[in-house]
**Student:** 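Quick one: structure below, then a few questions.
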Amino acid sequence: MSPHVLILGGTAEARELAAVLAARPGVRVTTSLAGRVTRPGALAGDVRVGGFGGAAGLADWLREQHVDALVDATHPFAETITANGARAAAASGVSSVVLRRPGWRPGPEDRWHLVTSLSAAADALPRFGSRAFLTTGRLGLSAFAHLADMHFVVRSVEPPEPPVPPHTEVLLARGPFTVADETTLLREYLIDVLVTKDSGGEATAAKLTAARQLGLPVVVVRRPPLPRGVSAVSDVAGVLAWLGFNS
Ligand code: NAP
């Protein structure tokens with residue numbers, strides 16, 4: 001019987017994995033999206049959209065849809081769905097793995113300040129500058145909303161959710177971005193500090209290179225830890241090996 005693989009998606013790696021699995025004869029692949037983005041783009045295989053109703057709902061879905069393997073390829077900061085995926089897999093007896101791209105690493109010339117949350121980033125920010133480029137996503141800007149003396153340039157794929165800081169300019173854009181683009185942006189908006197999550201990956205790393213070249217400080221929000229006991233791989237080839245397929 002064809003194995004059914006459920007991918008918890010919302011990332012470039014999830015899209016790549018769906019394409020590779022859908023191209024394999026005899027494999028059924030379904031990607032699940034939260035439904036946050038209005039135009040998510042084409043995906044290979046089947047797609048379902050929207051929450052499952054917590055870990056119990058996801059466990060029911062795994063059983064009802066006869067899922068054989070669960071791959072959590074969600075964003076490193078999508079903490080709730082990752083916890084739910086681990087619980088649902090354990091409850092339903094379905095094998096699971098987390099596909100987590102490696103985090104970014106600072107070089108000797110980087111001026112990184114590591115924090116553990118968006119609110120810690122907001123606490124630290126006024127020490128580093130007064131014009132911040134905020135690339136932490138459209139949710140969670142409320143953590144910065146009280147910083148009325150700072151100017152923010154926020155870049156996100158979809159418009160940010162209020163409340164946002166009083167002095168905020170919004171740039172709607174989707175990566176990948178080049179170092180040249182990022183350098184121009186940082187100069188044009190007179191940015192003196194960058195704020196980012198440690199998302200990892202190539203698509204949005206150019207801002208870090210640009211900040212390094214301009215000597216700017218970067219406030220980096222660390223990743224939340226993975227739930228205890230989960231297996232993790234760092235790329236699509238790792239998932240294929242975990243599934244017992246040749247890459
Ligand atoms: P989250 O806080 O971990 O999840 C909140 C709830 O959204 C979950 O409990 C679940 O609802 C639903 N959900 C999340 N991902 C889902 C998926 N792939 N399929 C079905 N339901 C899902 O998630 P988030 O941080 O809001 O991220 C939402 C999605 O955006 C994720 O799929 C993630 O890969 C993507 N994304 C997130 C970020 C980020 O910085 N957080 C960045 C880029 C992309 P139920 O409990 O009802 O099942």
Side-chain angles (χ1 to χ4, degrees), residues 8 10-13 34 36-37 51 54-55 72-87 98-107 110-171 175 177 182 186 191-201 203-208 210-212 216-230 232 234:
L8 299 174
T11 59
E13 291 79 8
R36 304 272 197 280
V37 176
D72 173 358
T74 57
H75 190 272
F77 283 81
E79 211 175 342
T80 306
I81 188 70
T82 290
N84 289 351
R87 280 209 295 274
V98 176
L99 166 52
R100 187 111 319 166
R101 65 177 87 128
W104 290 316
R105 292 275 167 270
D110 283 307
R111 295 176 57 201
W112 286 16
H113 181 82
L114 293 163
V115 294
T116 51
S117 65
L118 290 176
S119 61
D123 289 345
L125 207 44
R127 281 195 273 135
F128 294 101
S130 59
R131 294 185 60 87
F133 182 34
L134 208 50
T135 62
T136 51
R138 71 189 180 97
L139 303 175
L141 294 188
S142 59
F144 302 89
H146 61 288
L147 294 175
D149 294 337
M150 289 202 59
H151 187 90
F152 288 92
V153 176
V154 171
R155 182 171 65 199
S156 54
V157 176
E158 308 259 326
E161 291 267 292
V164 301
H167 306 295
T168 297
E169 284 178 83
V170 177
L171 309 175
F177 305 102
E182 301 292 51
L186 293 172
I191 298 299
D192 54 15
V193 57
L194 167 67
V195 187
T196 182
K197 292 175 176 171
D198 177 14
S199 298
T204 58
K207 63 191 171 196
L208 296 167
R212 181 189 316 129
L216 297 183
V218 185
V219 178
V220 180
V221 183
R222 287 183 198 272
R223 294 172 169 201
L226 285 173
R228 207 174 299 167
V230 300
S234 60

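The figures here come from the full heavy-atom set of this structure, side chains too, leaving out hydrogens, waters and symmetry mates.
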**Student:** Is there a donor-acceptor pair closer than 3.5 Å between any side-chain N or O of Trp104 and the backbone N or O of Gly201?
**Tutor:**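 Answer holds: yes.
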**Student:** Ser234 side chain to Pro102 main-chain N or O, any donor-acceptor pair under 3.5 Å?
**Tutor:**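 Checked: no pair found.
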**Student:** With a 4.5 Å heavy-atom cut-off, do Val37 and Glu158 have their side chains touching?
**Tutor:**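 A side-chain contact exists here, since the closest heavy-atom pair is under 4.5 Å.
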**Student:** Which atom pair, heavy atoms only, marks the closest approach of Met150 to Gly129?
**Tutor:**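 Smallest interatomic distance, heavy atoms only, reads CE-O, 3.4 Å.
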**Student:** Rounded to the nearest 0.5 Å, what separates atom CG in Leu118 from atom CG in Leu125?
**Tutor:**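 Atom-to-atom, Leu118:CG and Leu125:CG are 11.0 Å apart.
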**Student:** Rounded to the nearest 0.5 Å, how far does CD1 of Ile191 lie from CG of Leu134?
**Tutor:**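 The CD1 atom of Ile191 is 9.5 Å from CG of Leu134, to the nearest 0.5 Å.
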**Student:** To the nearest 0.5 Å, tell me how far Thr74 OG1 sits from Leu8 CG.
**Tutor:**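 Going from the OG1 atom of Thr74 to the CG atom of Leu8 covers 6.5 Å.
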**Student:** Using side-chain heavy atoms (C-beta onward) and a distance below 4.5 Å, is Pro159 in contact with Val170?
**Tutor:**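 The answer is no; the side chains never approach within 4.5 Å.
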**Student:** Could you report the tightest heavy-atom contact between Leu147 and Ala122, atom names first, then the distance?
**Tutor:**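 So the minimum-distance heavy-atom pair works out to CD1-O, 3.7 Å.
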**Student:** State, with a plain yes or no, whether a side-chain heavy atom of Phe128 is found less than 4.5 Å away from one of Val195.
**Tutor:**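 A side-chain contact under 4.5 Å is absent here.
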**Student:** Which heavy-atom pair separates Pro166 from Ala145 by the least distance, and what is that distance?
**Tutor:**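 So the two residues come closest at CD-O, 3.4 Å.
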**Student:** Is the NZ or CZ atom of Arg155 positioned over Phe177's six-membered ring, under 6.0 angstrom from the centre and within 45° of the axis?
**Tutor:**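 That pair qualifies as a cation-pi contact.
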**Student:** What I'd like to find out is whether the side chain of Leu194 reaches to under 4.5 Å of the side chain of Leu208, using heavy atoms alone.
**Tutor:**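 Answer yes - side chains close enough.
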**Student:** So His167 and His151, would you call those rings parallel, tilted or perpendicular, with 30° and 60° as cut-offs?
**Tutor:**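 Aromatic pair His167/His151 classed parallel.
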**Student:** Once side chain to side chain contact (heavy atoms under 4.5 Å, CB included) is applied, do any residues pair with Val164, and if so which ones, sequence neighbours excluded?
**Tutor:**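 Partners of Val164 under the side chain to side chain contact (heavy atoms under 4.5 Å, CB included) test: Leu141, Pro160, Thr168.
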**Student:** What residue among Val193, Asp192, Leu186 forms side-chain contact (heavy atoms from CB on, under 4.5 Å) with Arg131?
**Tutor:**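 Going through the options one by one, the only one that passes is Asp192.
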**Student:** Tell me if a side-chain donor or acceptor on Arg101 pairs with a main-chain N or O of Gly200 at a distance below 3.5 Å.
**Tutor:**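 Side chain of Arg101 to backbone of Gly200, a donor-acceptor pair under 3.5 Å: yes, one is there.
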**Student:** At their closest point, which heavy atom of Ser199 faces which heavy atom of Pro76, and how far apart are they?
**Tutor:**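 In this case the closest contact between Ser199 and Pro76 is O-CG, 3.6 Å.
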**Student:** Hey, are Asp110 and Arg212 close enough for a salt bridge, meaning a charged N less than 4.0 Å from a carboxylate O?
**Tutor:**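 Salt bridge between Asp110 and Arg212, a charged N being under 4.0 Å from a carboxylate O: yes.
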**Student:** So, for Pro126 and Asp123, which heavy atoms are closest and what is the spacing to 0.1 Å?
**Tutor:**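 Heavy atoms of Pro126 and Asp123 come nearest at CD-O, 3.6 Å.
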**Student:** Ignoring hydrogens and angles, tell me if any N or O in the side chain of Lys197 forms a donor-acceptor pair with the backbone of Val221 under 3.5 Å.
**Tutor:**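 Judged by distance alone, no pair lies under 3.5 Å.
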**Student:** Rounded to the nearest 0.5 Å, what's the gap from CZ on Phe133 to CD on Glu169? Could you check?
**Tutor:**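 Those atoms lie 11.0 Å apart.
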**Student:** Is Arg223 reaching over with its side chain to a backbone N or O of Phe77, donor-acceptor style, under 3.5 angstrom?
**Tutor:**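 Between the backbone of Phe77 and the side chain of Arg223 there is no qualifying donor-acceptor contact (under 3.5 Å).
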**Student:** Treating Asp198 as the side-chain partner and Arg222 as the backbone partner, does any N or O pair qualify as donor plus acceptor under 3.5 Å?
**Tutor:**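 Not confirmed, Asp198 side chain does not pair with Arg222 backbone.
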**Student:** Under a 4.0 Å N-O cut-off, is there an ion pair linking Arg36 with Glu161?
**Tutor:**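 No.
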**Student:** Atom NE2 in His113, atom CZ in Arg127: separation rounded to 0.5 Å?
**Tutor:**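 If we round to the nearest 0.5 Å, His113:NE2 and Arg127:CZ are 5.0 Å apart.
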**Student:** If every non-hydrogen atom of Thr82 is compared with every non-hydrogen atom of Pro227, which pair is closest and at what distance?
**Tutor:**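 Answer, listing the atom of Thr82 first, then Pro227: CG2-CD, 3.6 Å.
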